[in-house]
Amino acid sequence: MDNIKKEIDSLFDEIKESKLYKDYISAKKQLEENEEIMEIINEIKRLQKIATNNKDDIIEKNIKDLYMKLESYPLYQSYLILKEELENKLYNISSSFSSYFNDLLKLD
């Protein structure tokens, strides 16, 4: 069992050292340090909280407009692309583990 844990830890270390992960972390940090982008994100979150309790077309339009403004930033676009690529990679790893363990548990 220790060997499996070591292999999984090694896999996570490999992921953390990958260019994709480092690029994602860098983009996320740059995003968090950009006051203008963070103001838009925080305003979207604030309006979304209001929208969950109210069905207000004006609020929905404001949220949509803010998303469009947010998506106009190349930094935000890069972040989304890197995030999606990393999520896909992690999903594929997760699926591989799931398939492996399901095969292991099959009764023949």
Side-chain angles (χ1 to χ4, degrees):
M1 200 63 145
D2 281 342
N3 193 26
I4 294 172
K5 185 178 179 336
K6 286 178 186 176
E7 291 295 325
I8 291 172
D9 287 342
S10 176
L11 176 63
F12 284 122
D13 289 341
E14 187 178 317
I15 291 169
K16 288 178 182 176
E17 292 301 317
S18 72
K19 180 178 179 350
L20 175 59
Y21 183 78
K22 287 179 180 180
D23 289 349
Y24 166 76
I25 294 298
S26 175
K28 183 178 177 185
K29 184 177 179 185
Q30 290 175 31
L31 199 69
E32 291 169 345
E33 291 173 351
N34 187 307
E35 290 181 26
E36 191 173 338
I37 291 175
M38 290 309 297
E39 284 178 19
I40 295 170
I41 291 171
N42 289 332
E43 181 65 8
I44 290 170
K45 288 178 182 179
R46 186 184 75 77
L47 290 174
Q48 285 174 332
K49 286 180 185 177
I50 295 169
T52 58
N53 296 326
N54 302 323
K55 192 66 175 167
D56 188 339
D57 292 336
I58 295 172
I59 292 175
E60 295 294 329
K61 183 185 179 322
N62 288 341
I63 292 170
K64 184 178 179 179
D65 291 345
L66 285 169
Y67 268 117
M68 288 177 62
K69 184 176 180 181
L70 188 59
E71 290 171 356
S72 73
Y73 290 87
L75 176 59
Y76 185 73
Q77 290 175 356
S78 295
Y79 166 77
L80 289 179
I81 291 167
L82 290 166
K83 181 180 178 190
E84 183 178 356
E85 287 178 19
L86 185 59
E87 286 174 347
N88 286 339
K89 183 174 185 164
L90 294 174
Y91 176 79
N92 289 337
I93 291 169
S94 175
S95 293
S96 294
F97 275 123
S98 182
S99 293
Y100 176 78
F101 289 118
N102 283 337
D103 288 345
L104 198 63
L105 296 173
K106 282 185 182 172
L107 298 175
D108 291 321

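If you're wondering where the values come from, they're calculated on a predicted model, not measured in any experiment.
- For the pair Asp65/Lys61, a side-chain contact is recorded, criterion being any heavy-atom separation below 4.5 Å from C-beta on.
- Atom CD of Glu87 sits about 9.5 Å away from atom CG of Leu80, to the nearest 0.5 Å.
- In this structure, Thr52 contributes its side chain and Lys49 its backbone to a donor-acceptor pair below 3.5 Å.
- Residues Ile4 and Phe12 fall within the same hydrophobic cluster, defined by Ile, Leu, Val, Met, Phe, Trp and Tyr side chains chained together at heavy-atom separations under 4.5 Å.
- Cluster annotation: Ile58 is not connected to Ile50 through the hydrophobic network of ILVMFWY side chains, with a link wherever side-chain heavy atoms come within less than 4.5 Å.
- Ionic pairing of Asp9 and Lys6 is not present here: no N-O contact between side-chain nitrogen and carboxylate oxygen is shorter than 4.0 angstrom.
- Two different hydrophobic clusters hold Ile81 and Leu20 under the rule that ILVMFWY side chains link at heavy-atom gaps under 4.5 Å.
- Applying the 6.0 Å contact sphere to CD of Gln48 captures more than 12 heavy atoms from other residues, nucleotides or ligands.
- Rounded to the nearest 0.5 Å, atoms CG (Asp56) and CD1 (Ile63) are 9.5 Å apart.
- The main-chain N or O of Tyr91 is found under 3.5 Å from a side-chain atom of Ser95 such that the two form a donor-acceptor pair.
- Taking the side chain as every heavy atom from C-beta outward, Ile40 and Tyr76 never approach each other to under 4.5 Å.
- For the side chain to side chain contact (heavy atoms under 4.5 Å, CB included) with Ser26, the qualifying choice from Gln30, Lys22, Lys28 is Gln30, the only one to do so.
- We find that Glu32 and Lys29 are not joined by a salt bridge, their nearest charged nitrogen and carboxylate oxygen being 4.0 Å or further apart.
- Using cut-offs of 30° and 60° on the angle between ring planes, the pair Phe101 and Phe97 is parallel.
- Annotation: side chain of Ile15 is in contact with side chain of Ile93 (closest heavy-atom distance under 4.5 Å).
- A heavy-atom distance below 4.5 Å is not found between the side chains of Leu66 and Leu70.
- Side-chain atoms of Ser94 never come within 3.5 Å of backbone atoms of Leu90 as a donor-acceptor pair (strictly under, hydrogens ignored).
- Annotation: the span from Glu7 atom CD to Lys5 atom NZ amounts to 12.0 Å, rounded to 0.5 Å.
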